[in-house]
Structure formats: C-alpha cells, structure tokens
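The model shown is predicted, which means the values in this text are computed figures rather than measured ones. Residue numbers start at 1 and run along the sequence shown.
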Amino acid sequence: MGVNWTRGEADPAGAGSVSAGQRPSSTMRHRRTRTPPVPARAGIFPRRIHLCAGQPLVDALKTAQRMIPADLEAAARAGDIVDSRGRPLRLDEPAPGIAYVHSAAPDEPGYTDPLEIVWSSPRARIVNKPAGIATIPRGSHIACTVTTAARRQWGNDSATPAHRLDRLTSGLLLIVTDPTFRGAYQTLFDRRAVEKTYRAVTGCRGPLPRPGMSRELRVRLARARGEAKVRPCPDGKLALTEAKVTAVDEDRRLLEWSLRPRTGLTHQLRVSLAVAGFPILGDPLYGSLDPRPACLDGTLHLHAASLSLRDPVDGQDITCHAPPPWGDLERVTIPAV
C-alpha cells in the first residue's frame, strides 16, 4: 500500500461536541445503565445464566454451563449460585428462570497498584491505564482489569468505563462512577464527540518519512469469527486514522507518531500502521512486518495520550494529557540480540 505524504498540515478540528450546559435527555441519561440486581463481590458482578425453569437446578446448570458436578457442588456450598434476590440456591431445588453465579477468579491475581487519577468529578474519573491490564472483565481477565481495580480501590461497585482500550495499550480511560450518568458519557464516545490522540512508536519497512509529514490512513477491516487478528478486507468496515510523524530516529529506523482515529474499530491503529508498512513496536499480532521482531522488549508502544470532551452534564470543557511510558523516541530501547 502506497503512502501519500503531505508536510506540515494542521491537525483537523474535533468530530462534534455537546453544547455547553446541555443536560442529557432521559434517553441519554438512562441508556445502558442497568445494573445486575445481585451485588458485586470484590468488584466483580456475577454472571447471569438463563435456565429452564422448573428443572432440578443441578440439571439446568449442567445444561447451561457444561460444568462438572464437582464445580457445581463447590459453588453451591460457597453460596456462589443465587437467584435475583441474592438468595443462595440449592442444587436439588427447582431452577428459576434466571440465576446468577459468582466467580472468585482464584487463579488470577487482581491489579493492586493504585490507579493514577488524572481528572475527577462527582460523576466520572479519567485514569492513566497501565499497559497489560484489560479494561473490562472478560474471558481469562476478570480480577486483573481496570474495572475491577477501580471498584475495589474506590469502594464503588458502580464504576464502569465509558469506552475501552486494548489490554496491551496504555493511556487515558474515562470511568463513570455515578450510574445515573453512565449513558450520557458512553453516548459521547458512541457519537465520536470525544477527541482522542494516541502516541505510537513504529518500525519502518520502506523509505523513512520526515518529521511533520502526515496523511490519512484508510483501510477496510474485518475479523473472522473465532480469530484474534483483524485483517484488511475489501468488504470490511472502513477505518480512518489521521497520522502524523512527530520524530524520526534514522539510525535505528524508528518513528514516533501522533494518531487521531476518526472511527473506532477493533485494533484499528495497530492494523492501519502495519498495513502501511509501519508496525508498532512490541505488537504480538501485527508486528510481523518489522524485520526485527525478536529484538522488541514485549511492550506495545501505543498510548492514549490525550482526551478532550465537553462534559454532558455541566458543559465543562475537559482536556487531559498523559505522557507515554517510554518517554521520547531517544529513550526507546531495543535490546540487542
């Protein structure tokens, strides 16, 4: 894929905003604010399971979850299987239509370092997420997530991110602490009314661009069911990213970038740069284009460096910055092989 560069172009204006002082409508305020009726334990809400009502609970659970009896018996003894009122259920009683199962995630240590708070209000906080910790509980990452850490550290089981960052990506993340306004903040991100800027360090497969050169990265992306990688696809969704080279290390053929995504597709920045011949350092999925992947230190050099938005509740203009953990390009290290 060719790269058509322009030099010294000004960064474009942000994509939309909410008028100052505008209060969220009832639709905005309450969209996606439903909280499970069963309280969280140690910041982790239980899983909701739909069951065949009236069956013996043990049979209904085995059908729904494919759990072996020993697991069910241990969970029942611990009071981890409850109804919608939080009442522990016995395996020999009739199953309700919906049950909740608590998971203690015993094999996964939680994230215990204090989250760095960059901005705070009575309704939300912006934190500087470290690399390597997932945003929300999912799959094998339950306790070691920003969501669980925030709930435990702040004593607030309602804390919920308004958007997501990849597990390997570091940087600014907005967490809603008042569920009344969760939908209002999430709507800002859905509408692309939040200006986000990322910093990245990449290799270079072709000629080195000069500092200040910029372009729009355009690629259509799709992901097959069951695959972790997103791939270019002529019929995929269009990913748009404004990219600008901010620094060049000619000796090591490294580039530092400022990136502004105009769409919000999975792995958009990582794939777009890799397809253009500039894989991000430390990327385990899309770094194969780099001629020296074995030299990388394993840290993904992608960081959400700034967030700008207008608060949907009080109209305050909010802009937060967080420098990347690697510092500047000169301090990026590539261990010798």
Side-chain angles (χ1 to χ4, degrees), residues 32-33 35-36 39-46 102-189 194-200 261 264 269 282 297-309 311-314 316-327:
R32 292 188 290 178
T33 60
T35 300
R41 291 182 183 176
I44 302 174
F45 280 99
H102 288 277
S103 173
D107 298 328
E108 180 201 12
Y111 182 80
T112 57
D113 291 345
L115 293 171
E116 178 188 351
I117 300 173
V118 179
W119 171 86
S120 180
S121 81
R123 299 171 296 277
R125 294 178 177 179
I126 295 176
V127 302
N128 188 11
K129 171 184 129 30
I133 175 175
T135 299
I136 62 173
R138 174 179 290 181
S140 60
H141 302 285
I142 303 298
C144 191
T145 63
V146 175
T147 300
T148 303
R151 290 171 178 172
R152 292 176 176 178
Q153 293 178 21
W154 304 340
N156 181 356
D157 286 338
S158 296
T160 302
H163 59 119
R164 300 180 188 177
L165 294 176
D166 289 345
R167 182 176 62 87
L168 300 180
T169 303
S170 59
L172 297 175
L173 182 72
L174 190 149
I175 300 176
V176 184
T177 54
D178 185 342
T180 305
F181 299 99
R182 186 181 304 157
Y185 287 99
Q186 289 175 333
T187 297
L188 290 183
F189 288 90
V194 179
E195 184 71 25
K196 296 182 284 187
T197 303
Y198 290 75
R199 298 272 296 279
L269 302 180
D297 64 4
T299 299
L300 181 69
H301 286 63
L302 178 63
H303 177 77
S306 72
L307 277 181
S308 295
L309 65 142
D311 193 295
V313 180
D314 61 15
Q316 175 189 1
D317 288 323
I318 303 165
T319 298
C320 294
H321 300 276
W326 59 83

Which distance, rounded to the nearest 0.5 Å, do you find between the CG of Leu165 and the NZ of Lys196? 7.5 Å
Check whether Thr148 reaches the backbone of Cys144 with its side chain - one donor and one acceptor, N or O, closer than 3.5 Å. no
Below 4.5 Å, heavy atoms only, C-beta onward: do Leu115 and Trp154 meet side chain to side chain? yes
Output for pair (Ile126 CD1, Ile175 CD1), nearest 0.5 Å, gives 10.0 Å
Does Val194 form a side chain to side chain contact (heavy atoms under 4.5 Å, CB included) with Leu307? I'd like the steps, not just the answer. CA-CA 7 Å; Val194 179; Leu307 277 181; 3.7 Å; yes
With heavy-atom distances below 4.5 Å as the criterion, would you say the side chains of Tyr198 and Pro261 are in contact? yes
Within the structure provided, determine whether Thr160 and Arg151 are in side-chain contact (heavy-atom separation under 4.5 Å). yes
Check the orientation of Phe189 and His163. Use parallel for under 30°, tilted for 30 to 60°, and perpendicular for over 60°. parallel
In this structure, CG of Leu172 is separated from NZ of Lys129 (nearest 0.5 Å) by 11.5 Å
For the residue pair Thr177 and Ala124, what are the closest heavy atoms and their distance? OG1-N, 3.4 Å
On a heavy-atom basis, which atom in Leu302 and which in Leu269 lie closest, and how many Å separate them? CD1-CD1, 4.1 Å
Going by heavy atoms in the side chains, are Leu188 and Pro312 under 4.5 Å from each other? yes
Check: Pro161 and Thr147 side chains under 4.5 Å, non-hydrogen atoms: yes
Point-to-point distance, once rounded to the nearest 0.5 Å, from CG of Leu309 to CG of Leu174: 6.5 Å
Provide the closest heavy-atom pair for Pro130 versus Tyr111 in the form atom of the first, atom of the second, distance. CG-OH, 3.3 Å
With sequence neighbours left out, which residue pairs that include part of residues 160-180 fulfil the salt bridge (Lys or Arg N to Asp or Glu O under 4.0 Å) condition? Asp166-Arg270
Would you say the side-chain atoms of Ser158 pair up with the backbone N or O of Asn156, donor to acceptor, closer than 3.5 Å? no
Check whether any side-chain N or O of Ser170 sits under 3.5 Å from a backbone N or O of His303 as a donor-acceptor pair, and report yes or no. no
Donor-acceptor pair, His301 side chain versus Thr299 backbone, under 3.5 Å? yes
Can Glu116 and Asn128 be counted as having a side-chain donor-acceptor contact under 3.5 angstrom? yes
For residues Tyr185 and Val313, report the shortest heavy-atom separation together with the two atoms involved. OH-CG2, 4.2 Å
Nearest 0.5 Å please: distance from the CZ atom of Phe45 over to the CG atom of Asp157. 5.0 Å
Side chain to side chain donor-acceptor pair (under 3.5 Å) involving Thr112 - partner list, sequence neighbours excluded: none
Has Glu195 got a side-chain atom pairing as donor or acceptor with Ser306's backbone, closer than 3.5 angstrom? no
